[in-house]
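One structure is given below, encoded as structure tokens.
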Amino acid sequence: MAKVTGLEGVVAAETDIGLVDGERGHLIYRGYWAKDLAVNYSFEEAAHLLWYGSLPDGRELAALQTRLRESRKLPEQVRLLLDALPKTLPMMGVLQAVVASLATEEEAVWPPKVSQAERLTALLIAIIAYRHRSLQGLAPIDPDPELDHAANYLYMLTGERPNPDHAKALTAYLILGMEHGMNASTFSGRVTLSTQSDLFAAVSAAIGTMKGPLHGGAPSEVIAMLEEIGTKDRAEAWMRNVLENGGRLMGFGHRIYKTKDPRAEALRIVTERLTGGDPSFELALHVEETAIRLLAEYKPGRRLYTNVEFFAAAVMMAIKLPTELFTPTFTAARTVGWTAHMLEQAGINRIFRPQSTYTGRMPVFGD
Ligand SMILES: CC(C)(COP(=O)(O)OP(=O)(O)OC[C@H]1O[C@@H](n2cnc3c(N)ncnc32)[C@H](O)[C@@H]1OP(=O)(O)O)[C@@H](O)C(=O)NCCC(=O)NCCS
């Protein structure tokens, strides 16, 4: 029998939350195209869709906005813990520890509640902003009740009310990052929850899984590549050199998508609106076009196209988000999808318990 490694092709659960179709380039959240949600809806509306199964009406949206607003202020014990953690602990470790600490006796209940998912989602951006500023010796910024989720994140990081176009671009990125089927972190969160552990422990486990470089994404490597290329006229020679030496072009190729990554397509539209005509965006577009041509030449038949990281990098550059916040920001987005999956898992729960094939030595029986 052929060896299956990494559970590739194995169906681990049924879900109503998201469909990833890599052959067709489809990403669907509960019946809606993720790319349409990203371009035309707010973070709050998309989160409501994933948690509750439908887009909110006006009243539901206002109520969700109020609940998120009320949860965004950091509780005192969270501040104390953040201040006590070593400065050398990277942000993903900080998030894992602080999220796990929220599972007090009162909160560590079964089944998990959607109100916990909402509170955690609202808190995460405040935790990231607080920690980021404190490492720079800057005072924390309280959330602004008039701003929505994405705008508040930028506001709490910088202390300045963000340019609405920047908040819109970040919103699109956050929506596209919310959900992506049975990826490693979602699976790990569902496995933890399936033991009837609490939502905070399950999100903490998912964060630990997201932290690894094979999952958490590296738009910073795309930025490094664009910076090294520098100008359009250098792009082709630079990329030929990488490919001739067996290297990989960052931001291209995907394990699942064998056609255009729909998230890259949506982010291209958003970035174009944000920075259209800007030389760095023109360079990104030129690099993309050249890379796809060269990948078809050097790797025929491998179906290598632009992935989400390429345009995520363009958005991050445009809104000036520091590179060390890329994976934490992705985490803040994916928390919505993780928690939707955990609530779904709780509703149909059976503990995950796969088997392994023993390949070790056997004891010697008798003579
Ligand atoms: C994302 C990625 C790991 C998916 O890999 P995968 O589906 O396992 O594909 P493989 O690693 O098996 O690659 C298949 C072939 O395409 C080539 N290939 C894949 N992505 C490539 C890239 N970005 N640049 C150059 N060649 C690439 C591989 O070298 C391999 O060639 P070979 O058949 O001659 O050995 C891979 O495309 C990659 O490394 N991309 C660059 C990093 C990146 O953008 N990461 C962010 C992902 S969201």
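Numbering of ligands and ligand atoms starts at 1, following listing order.
- Counting heavy atoms closer than 4.0 Å to ligand 1, residue R255 contributes atoms from both its backbone and its side chain.
- A salt bridge is absent between R119 and E70: the closest approach of a Lys/Arg side-chain nitrogen to an acidic carboxylate oxygen does not fall below 4.0 angstrom.
- Of all atoms in ligand 1, numbered sequentially from 1 with element shown, those under 4.0 Å from a heavy atom of N307 are 43 (C), 44 (O), 46 (C), 47 (C), 48 (S).
- At a 4.0 Å heavy-atom cut-off, ligand 1 touches R248 through backbone and side chain alike.
- Atoms CZ and CD, on F200 and Q116 in that order, are 4.5 Å from each other to the nearest 0.5 Å.
- Minimum heavy-atom separation, W338 to S185: NE1-OG, 2.9 Å.
- Less than 6.0 angstrom separates the ring centroid of Y257 from the ring centroid of H180.
- For the 3.5 Å distance criterion, the side chains of D148 and N152 fail to qualify, holding no donor opposite an acceptor.
- Heavy-atom distances between A291 and ligand 1 stay at or above 4.0 Å for every pair.
- Inspection of the T104 and E107 side chains reveals no N or O donor paired with an N or O acceptor under 3.5 Å.
- The part of L304 lying near ligand 1 is the side chain, judged by heavy-atom distances below 4.0 Å.
- Those atoms of ligand 1 that come under 4.0 Å of a heavy atom in M250, given as number and element, are 42 (C), 44 (O).
- With ligand atoms numbered from 1 in the order given, ligand 1 contributes 43 (C), 44 (O) to contacts under 4.0 Å with heavy atoms of G251.
- Of all the heavy atoms of K258, the ones lying under 4.0 Å from any atom of ligand 1 belong exclusively to the side chain.
- Using a 4.0 Å cut-off to heavy atoms of G247, the atoms of ligand 1 that qualify are 25 (C).
- Here E309 contributes atom CD and E221 contributes atom CD; the two are 9.0 Å apart, rounded to the nearest 0.5 Å.
- Close N/O approach between E309 and ligand 1 is not found [any backbone or side-chain N/O within under 3.5 Å].
- Heavy atoms of L243 come nearer than 4.0 angstrom to ligand 1 in at least one pair.
- In this model, a donor atom of one side chain and an acceptor atom of the other lie less than 3.5 Å apart for E244 and Y298.
- Ligand 1 places these atoms under 4.0 Å from at least one heavy atom of L295: 24 (N), 25 (C).
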